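Scroll down for the structure; my scribbles are underneath it.
The shown structure was predicted, so the numbers you read here are calculated from the model rather than taken from an experiment.
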Amino acid sequence: MSVEQIELSQCFPFIEKELEDEIISSGAFKKIPKGEYVVKQGSYMNFLPIILDGLIKMYAEEDEVEFLLYYIHPNECCILSFNHLFNQEAVRFSAKTEKDTKVLCLPIEKVKEWFVKYPSFIRIILKDFQRNYEDLLNTTKQVVCYKIEDRLVNYLNEKAKLQNCNMIQMSHQQIASDLGTSREVVSRITKKLQSTNLLIQHKRHIELLASNN
């Protein structure tokens with residue numbers, strides 16, 4: 001059994017053997033370094049990405065302002081990408097790796113075929129559709145219902161969980177881009193949060209205090 005077959009079986013143990021064979025023969029396994037685009041806003045999709053290992057950030061950009069949508073974890077595909085497989089419109093989002101990531105790229109025509117042919121493939125899509133939908137609802141709720149200070153605290157806590165580390169090595173500008181605000185606002189709020197012992201602002205990273213998790 002090849003490495004690709006083992007990885008695919010671990011990600012989706014419930015898929016039919018015939019579908020697994022077709023994915024192995026038709027899909028392209030790619031290793032994408034940290035900080036690289038999987039797809040960039042304004043381009044056209046010709047594949048459906050499934051994450052085997054690593055982490056991908058999904059975000060949109062409007063008037064040169066970036067806004068975090070959600071993250072894609074291992075064993076997940078991107079429903080926003082799936083949506084664009086059935087039309088010729090340019091994508092309205094970007095996907096960029098947060099760490100070295102291994103992606104299985106499935107060609108458009110095969111995805112359309114498998115969606116009709118294999119019940120287990122439909123199961124993958126529906127599972128991830130529900131997850132992506134809930135992530136987008138949560139993002140909307142954060143924007144509408146929470147003050148920017150609360151959003152920043154939630155964001156930093158989520159980052160710490162994703163990295164399994166309280167040391168968050170991100171600039172204020174990077175954080176501001178994800179939250180759709182300005183660097184000055186992030187700097188002001190982190191200074192306030194430091195005064196209340198929720199975090200410590202170091203020169204090159206933010207340290208979340210243990211009591212904040």
Side-chain angles (χ1 to χ4, degrees), residues 11 28-85 90-106 124-125 127-143 146 148 150-183 185-186 189-190 204-206 208 213:
C11 285
F29 293 83
K30 297 183 178 181
K31 293 182 179 180
I32 305 176
K34 176 182 176 181
E36 296 291 326
Y37 284 103
V38 179
V39 61
K40 189 172 184 180
Q41 186 167 325
S43 62
Y44 292 84
M45 294 294 301
N46 59 7
F47 65 92
L48 175 68
I50 294 180
I51 314 310
L52 300 177
D53 186 43
L55 184 68
I56 289 178
K57 180 176 78 172
M58 303 292 297
Y59 66 94
E61 186 174 350
E62 188 69 31
D63 295 329
E64 299 184 356
V65 176
E66 294 180 5
F67 191 83
L68 176 68
L69 299 174
Y70 54 81
Y71 292 96
I72 308 177
H73 302 81
N75 307 352
E76 297 175 352
C77 65
C78 174
I79 295 303
L80 290 180
S81 300
F82 180 80
N83 180 60
H84 282 276
L85 296 182
V91 298
R92 301 174 185 175
F93 60 87
S94 291
K96 184 181 287 187
T97 55
E98 287 279 285
K99 59 176 72 172
D100 292 348
T101 299
K102 189 167 187 179
V103 179
L104 171 59
C105 300
L106 304 179
I124 293 172
I125 298 300
K127 172 181 69 68
D128 288 337
F129 178 86
Q130 180 179 7
R131 179 189 55 78
N132 288 170
Y133 177 73
E134 291 172 353
D135 286 343
L136 287 173
L137 277 181
N138 183 60
T139 297
T140 304
K141 180 180 177 182
Q142 290 277 330
V143 173
Y146 290 83
I148 184 62
D150 296 326
R151 290 175 57 207
L152 176 58
V153 171
N154 290 337
Y155 172 86
L156 293 174
N157 279 324
E158 182 63 23
K159 272 290 183 181
K161 290 178 182 177
L162 289 172
Q163 299 173 172
N164 195 28
C165 178
N166 282 358
M167 302 292 185
I168 300 170
Q169 299 190 19
M170 295 182 68
S171 70
H172 287 184
Q173 183 57 61
Q174 289 173 312
I175 296 170
S177 294
D178 280 353
L179 294 178
T181 187
S182 69
R183 180 184 59 79
V185 168
V186 171
I189 295 175
T190 52
R204 297 184 181 277
H205 66 272
I206 295 172
L208 283 184
N213 291 323

To the nearest 0.5 angstrom, please state how far the [atom1] atom of [X] sits from the [atom2] atom of [Y].
X    : Y    : atom1 : atom2 : value
Q41  : R92  : CD    : CZ    : 9.5 Å
I51  : I56  : CD1   : CD1   : 3.0 Å
K57  : I72  : NZ    : CD1   : 12.5 Å
N157 : L152 : CG    : CG    : 9.5 Å
I32  : D53  : CD1   : CG    : 12.0 Å
I168 : E158 : CD1   : CD    : 10.0 Å

Within the distance-only criterion (no hydrogens, no angle test), does the side chain of T101 pair as donor or acceptor with the backbone N or O of L55 below 3.5 angstrom?
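Flag set: sc T101 to bb L55 pair under 3.5 Å.
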Is E36 reaching over with its side chain to a backbone N or O of P33, donor-acceptor style, under 3.5 angstrom? no
Notebook entry, point to check: What's the verdict on side chain to side chain contact (heavy atoms under 4.5 Å, CB included) for F29 and L104, showing C-alpha distance, side-chain angles and the deciding distance?
Noted result: CA-CA 5 Å; F29 293 83; L104 171 59; 3.7 Å; yes
Any idea which heavy atoms bring [X] and [Y] closest together, and the distance?
X    : Y   : value
P74  : G54 : CD-O, 3.3 Å
Y44  : A90 : CE2-N, 3.4 Å
L162 : H73 : CD2-NE2, 3.2 Å
N75  : L52 : OD1-O, 4.4 Å

Mark yes or no: K96 above the aromatic ring of Y37, with NZ or CZ under 6.0 Å from the six-membered ring centre and no more than 45 degrees from the axis.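 Yes - K96 lies over the ring of Y37, closer than 6.0 Å to its centre and within 45° of its axis.
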Stepwise, does the side chain to side chain contact (heavy atoms under 4.5 Å, CB included) test hold for I175 with L156?
CA-CA 9 Å; I175 296 170; L156 293 174; 4.1 Å; yes
Original post:
Should E61 and K40 count as an ion pair when the cut-off is N to O under 4.0 Å?
Top reply: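 Salt bridge: no.
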Worked verdict on Y155 versus D178 for side chain to side chain donor-acceptor pair (under 3.5 Å) | CA-CA 9 Å; Y155 172 86; D178 280 353; 2.5 Å; yes
